[in-house]
Visitor: 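Quick one: structure below, then a few questions.
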2 protein chains.
Amino acid sequence: MTVGAIRPGGRTARVRAAVLRAAADALVEHGFDRLDLADVARRAEVGKTTVYRRWGTVAGLVADLLADMAEQSSPRADTGSLIEDLRANARLVQRTLVDPRQGALFRAVIVAATCDSRAAEALHRFYAARIAEWTPCVEQAVQRAELPAGTDAAEVIRAVSAPLYYRLLMSGDPLDEAAASRAAEGAAAAARAGVYTPANGRN
Amino acid sequence: MTVGAIRPGGRTARVRAAVLRAAADALVEHGFDRLDLADVARRAEVGKTTVYRRWGTVAGLVADLLADMAEQSSPRADTGSLIEDLRANARLVQRTLVDPRQGALFRAVIVAATCDSRAAEALHRFYAARIAEWTPCVEQAVQRAELPAGTDAAEVIRAVSAPLYYRLLMSGDPLDEAAASRAAEGAAAAARAGVYTPANGRN
DNA sequence: CCGTTAACGGCACCCGAGTTCCTTTAAGCT
DNA sequence: AGCTTAAAGGAACTCGGGTGCCGTTAACGG
């Protein structure tokens, strides 16, 4: 065998998959702060040493988990109407955050990002990918002249998610379908008013 | 002395103040996850036992710190124009979050809320108080007929903050004055469009 | 199929956060 | 001023998360 070769196949991949799944389970159950790598190793039926060697810290493990999550992107909607597309996006986000497992996972992952720069980077990449998936909805709306030319598509998508995350983390207000609807409508109204065009003012 | 009397005066109050200040310092330096109560005690020049007895956990200490922060509310703007009031609010939030000390403190406190129910409750009360301070801006705009009757004032204020917190925690995009401006304009545009009136549809 | 070695696994050790127990200080009442 | 006792302080102890060491397994190349 060539000296210094990496071995991502077979066992290593199996271990990684088992550990990441166990980590997600543990995060959902205990949350980020009470996560014990030894416990993760036990759940994954993997040596404690292995987890410490490959991931080192809780934040490092979460960062890898995020990279894994980023690879599975859910397809965007394409209803032919901006407001319907945005509503679909808002409901997808809302349902994800409300889901006990997914919601807890997202909270944990966001927490990790505030503690560790690698996790933060992974999180930013994750959202960049998610947003890129949905920007075509906005770009098509611009072409249909539903929105002013030069509208920043990514900013519109972010504006849909922001109020939902605000409810999840800060205000604690109910995260229901009505909230999702309002988030979509708010972003659409702001976009139509030209808030997200570069021409719009620093004034 | 009466049996069972509580003693909030003198020394106890001094200890509480010193510990809360030390806790804030430590949170800014290390962040929530690497916070050590023994370190807080050392900074506050207070017995380690005292900190453990009165606050017990990191999250409990942060919850108390938040209760303390909630008491100092900064006065709202009153420019006579909705968009200017909202812009003032957005810039206040933006500057707070960008400030190295305040920003780190907010991040830590939000993290604590995801880990501990007392901290979460304290955070919700904190934001409820901050929002209540600013809702009159929106109510006055309704009276001036800048906004439709029945507009949910709190929802408008939340809509201003949400994109800024989204940048702070999730996307990692720059949190500059332009972002603050857009947040204020977006909330105003959505409010004018009637997105935050109860009449507006679940449809 | 075989040799090399990257990667995993188990065990013993260490260290410091958190607890316990007791002593000392001073807040608050008379 | 004096007494009572809440509350703080100090020091010793525990115990489990994290580390180091070394033997074992199995991926990859020939």
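Throughout, a chain's letter reflects where its sequence line sits, starting with A, and its residues are numbered from 1.
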Visitor: With axes from five pairs an end, tell me the bend angle of the helix from C:dC1-D:dG30 to C:dT30-D:dA1, nearest 10°.
Guide: 60°
Visitor: Quick one: B:Arg14 CZ to D:dA7 C1', roughly how many Å, whole number?
Guide: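 The distance from CZ of B:Arg14 to C1' of D:dA7 comes to 12 Å, rounded to the nearest Å.
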Visitor: Atom CZ of A:Arg16 to atom P of D:dA27: distance rounded to whole Å?
Guide: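 Nearest whole value for this atom pair: 17 Å.
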Visitor: Listing request: all ring-ring contact (aromatic ring centres under 6.0 Å, His included) pairs with a residue in residues 22-78 of chain A, at least two apart in sequence or in separate chains.
Guide: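 Qualifying pairs, neighbours excluded: none.
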Visitor: Take the protein atom CD of B:Glu45 and the nucleotide atom P of D:dG10, then report the distance between them rounded to whole Å.
Guide: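 Going from B:Glu45 (CD) to D:dG10 (P), I get 11 Å.
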Visitor: Quick test: give all pairs of protein nitrogen or oxygen and nucleotides 18-20 of chain C nitrogen or oxygen below 3.5 Å, distance rounded to 0.1 Å.
Guide:
residue	atom	partner	partner atom	Å
C:dG18	OP2	B:Tyr52	OH	2.8
C:dG18	O5'	B:Tyr52	OH	3.4
C:dG18	N7	B:Lys48	NZ	3.1
C:dG18	O6	B:Lys48	NZ	3.1

Visitor: Can you pull the ring-ring contact (aromatic ring centres under 6.0 Å, His included) pairs that have at least one residue in residues 82-115 of chain B, sequence neighbours excluded?
Guide: B:Phe106-B:Phe126
Visitor: Working to the nearest 0.5 angstrom, can you tell me the gap between A:Glu177 CD and A:Gln94 CD?
Guide: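 The distance works out to 5.5 Å.
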Visitor: How long is the span from the CD1 atom in B:Ile157 to the CG atom in B:Asp152, to the nearest 0.5 Å?
Guide: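 Reported to 0.5 Å precision, the distance equals 10.0 Å.
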Visitor: Using nucleotides 22-25 of chain C, report all nitrogen or oxygen pairs with the protein that are shorter than 3.5 Å.
Guide:
residue	atom	partner	partner atom	Å
C:dT25	O2	B:Arg11	NH2	3.0

Visitor: May I ask you to check whether A:Arg158 and B:Ser171 show a side-chain donor-acceptor distance below 3.5 Å?
Guide: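 Absent: no donor and acceptor within the cut-off.
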Visitor: Taking only distance into account, with no hydrogens and no angle test, what donor-acceptor pairs under 3.5 Å do side-chain atoms of residues 22-29 of chain B form with protein atoms, sequence neighbours excluded?
Guide:
residue	atom	partner	partner atom	Å
B:Asp25	OD1	B:Arg101	NH1	2.8
B:Asp25	OD1	B:Arg101	NH2	3.2
B:Glu29	OE1	B:Arg43	NH2	3.1
B:Glu29	OE2	B:Arg43	NH1	3.3

Visitor: When the distance from CZ of B:Arg34 to P of C:dG16 is rounded to whole Å, what number comes out?
Guide: 16 Å
Visitor: So does A:Glu155 pair up with B:Arg167, basic N to acidic O under 4.0 Å?
Guide: yes
Visitor: In whole angstrom, what separates B:Arg54's CZ from D:dG9's C1'?
Guide: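 Distance, rounded to whole Å: 14 Å.
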Visitor: For residues 107-123 of chain A, which side-chain donor-acceptor pairs fall under 3.5 Å, sequence neighbours excluded?
Guide:
residue	atom	partner	partner atom	Å
A:Thr114	OG1	A:Val111	O	2.7
A:Asp116	OD1	A:Arg118	NH2	3.4
A:Asp116	OD2	A:Arg118	N	2.9
A:Asp116	OD2	A:Ala119	N	2.9
A:Glu121	OE2	A:Arg125	NH1	3.4

Visitor: Listed by chain and number, what are the side-chain contact (heavy atoms from CB on, under 4.5 Å) partners of A:Asp68, not counting sequence neighbours?
Guide: A:Arg16, A:Leu20, A:Glu71, A:Gln72
Visitor: Compare the minimum distances between each of D:dA7, C:dG9, C:dA7 and the side chain of A:Thr50, then state the nucleotide with the smallest one.
Guide: C:dG9
Visitor: Between B:Asp33 (CG) and C:dA17 (C1'), how many Å, whole number?
Guide: 15 Å
Visitor: Can you name the residues that form a ring-ring contact (aromatic ring centres under 6.0 Å, His included) with B:Tyr165, not counting sequence neighbours?
Guide: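 Here the qualifying residues are A:Tyr166, B:Tyr127.
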Visitor: Working to the nearest 0.5 angstrom, can you tell me the gap between A:His124 NE2 and A:Ile131 CD1?
Guide: 10.5 Å
Visitor: Just jot down the side-chain hydrogen bond (donor to acceptor under 3.5 Å, both in side chains) partners of B:Asn89, sequence neighbours excluded, or say none.
Guide: none
Visitor: Pull out every residue in residues 18-25 of chain B that has a heavy atom closer than 4.0 Å to any atom of DNA chain C, ordered by number, or say none.
Guide: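 The answer is none.
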Visitor: B:Leu92: which residues meet the side-chain contact (heavy atoms from CB on, under 4.5 Å) condition with it, sequence neighbours left out?
Guide: B:Ser74, B:Thr96, B:Trp134
